[in-house]
Amino acid sequence: MKSSQTVTDKMKNFEELCREQGVPLTVQRRAVLETLAGRLDHPTADQIFEDVTHHLPDLSRTTVYRVLETLVQLGVIHKAQHLGSAARYDPNTERHHHLTCLSCHKVMDLEDEILDRIKVPRSSSKEFEITDYSVHFKGYCADCVSKKKASKNS
């Protein structure tokens, strides 16, 4: 994760944001954010639900989905949604890019200064205002490439 924030820092910033915005700081919101911030991958809502219910067994899947959407609206996390794939959640809110494996669907961060310097094009249309961007590459992760090679050799 490019972000230099620790889980503790992320939680403190979230608590402060909730106080400033008058948003209730619930146990469920804390648990979901803490779970997500402690992961290095880009989990789906269902994966977060599975992790959170180890600590809060009575938490519903619907509540996890609602909490994730609230965290996205507050700008505390990003929702990475690419065509044809399930939404993934990312605690890193700094600009960064992603690699997605076409085989296992793993999503990884890609840090590249050249990509960060791409200038946002001015929209010639008044129907759309570009505010930010990220680059998304698709391919095969090292594990899947190794598996493909191993299956060819057997």
Side-chain angles (χ1 to χ4, degrees), residues 1-120 128-147:
M1 179 172 15
K2 182 179 174 183
S3 176
S4 58
Q5 277 192 325
T6 65
V7 174
T8 304
D9 291 339
K10 189 86 172 168
M11 296 308 295
K12 285 181 184 175
N13 289 343
F14 177 59
E15 291 169 12
E16 187 176 309
L17 178 67
C18 285
R19 278 193 293 278
E20 288 172 2
Q21 303 240 342
V23 174
L25 182 60
T26 65
V27 171
Q28 295 87 347
R29 288 178 181 158
R30 280 175 159 282
V32 169
L33 180 58
E34 194 165 19
T35 297
L36 179 58
R39 293 182 64 140
L40 298 176
D41 60 347
H42 298 72
T44 64
D46 288 337
Q47 291 169 320
I48 295 167
F49 170 73
E50 288 175 21
D51 284 357
V52 172
T53 54
H54 291 294
H55 306 290
L56 297 174
D58 295 334
L59 190 65
S60 73
R61 189 177 306 270
T62 303
T63 298
V64 170
Y65 277 85
R66 284 185 187 145
V67 167
L68 287 168
E69 288 306 314
T70 298
L71 296 175
V72 168
Q73 289 173 359
L74 290 170
V76 178
I77 65 172
H78 277 179
K79 183 177 185 178
Q81 200 163 6
H82 305 290
L83 294 176
S85 67
R88 305 270 182 159
Y89 294 89
D90 190 347
N92 182 356
T93 57
E94 296 176 17
R95 175 178 290 147
H96 64 287
H97 314 284
H98 293 108
L99 304 166
T100 300
C101 181
L102 293 169
S103 183
C104 69
H105 308 288
K106 182 188 325 182
V107 179
M108 298 172 277
D109 287 344
L110 172 65
E111 298 175 22
D112 188 303
E113 290 180 19
I114 293 170
L115 295 176
D116 292 344
R117 290 194 303 257
I118 293 173
K119 297 213 185 285
V120 176
F128 196 86
E129 178 184 345
I130 298 170
T131 59
D132 198 11
Y133 71 93
S134 68
V135 178
H136 177 227
F137 294 98
K138 294 179 181 180
Y140 298 95
C141 69
D143 291 340
C144 290
V145 168
S146 294
K147 288 176 189 172

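Numbering of residues begins at 1 and proceeds along the displayed sequence.
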Looking at side-chain heavy atoms only, is the closest gap between Leu36 and Leu71 below 4.5 Å? no
What one should report as the nearest heavy-atom pair of Ile77 and Pro91 is CG2-CA, 4.1 Å
Less than 4.5 Å apart, side chain to side chain, heavy atoms only: is that true for Tyr133 and His97? yes
Student check: side-chain heavy atoms of Arg29 and Pro24 closer than 4.5 Å: yes
Minimal heavy-atom distance between Cys101 and Cys141, with the atoms involved, is SG-N, 3.4 Å
Does Glu50 use its side chain to pair, donor to acceptor, with the backbone of Gln47 at less than 3.5 Å? no
Say you draw a straight line from CZ of Phe137 to CG of Asp112; how long is it, rounded to the nearest 0.5 Å? 7.5 Å
OG of Ser134 to CZ of Arg95: how many Å apart, nearest 0.5 Å? 8.5 Å
Counting C-beta onward and ignoring hydrogens, is there a side-chain heavy-atom pair between Glu94 and Glu111 closer than 4.5 Å? no
Going by heavy atoms in the side chains, are Arg30 and Leu25 under 4.5 Å from each other? yes
Mind running side-chain hydrogen bond (donor to acceptor under 3.5 Å, both in side chains) on Ser146 and Asp143 for me, showing each step along the way? CA-CA 5 Å; Ser146 294; Asp143 291 340; 5.7 Å; no
Quick one: pull up NE2 in His96 and CG in Leu115 and give me the separation to the nearest 0.5 Å. 12.5 Å
Closest non-hydrogen atom pair between Val107 and Thr100, with its separation: CG2-OG1, 3.9 Å
Enter the distance from Arg88:CZ to Leu68:CG here, rounded to the nearest 0.5 Å. 13.0 Å
Minimum heavy-atom distance between Ala37 and Val7, given as atom pair plus value: O-CG2, 3.4 Å
Donor-acceptor pairs under 3.5 angstrom involving side-chain atoms of residues 55-65: please list them, not counting sequence neighbours.
{"residue": "Ser60", "atom": "OG", "partner": "Thr63", "partner atom": "N", "Å": "3.1"}
{"residue": "Ser60", "atom": "OG", "partner": "Thr63", "partner atom": "OG1", "Å": "2.8"}
{"residue": "Arg61", "atom": "NH1", "partner": "Asp46", "partner atom": "OD1", "Å": "2.7"}
{"residue": "Tyr65", "atom": "OH", "partner": "Asp46", "partner atom": "OD1", "Å": "3.1"}

Here the pair of heavy atoms bringing Leu102 nearest to Tyr140 is CB-CE2, 3.8 Å
For residues 21-48, which residue pairs pass the ring-ring contact (aromatic ring centres under 6.0 Å, His included) check, not counting sequence neighbours? His42-His98
Kindly indicate whether the side chain of His78, heavy atoms from C-beta on, has any atom under 4.5 Å from the side chain of Asn92. no
Do Arg39 and Asp51 make a side-chain contact, defined as non-hydrogen atoms from C-beta onward lying under 4.5 Å apart? yes
Rounded to the nearest 0.5 Å, what separates atom CG in Asn13 from atom OG1 in Thr93? 9.0 Å
Out of curiosity, Arg19 CZ to Gln21 CD, how far, rounded to the nearest 0.5 Å? 12.5 Å
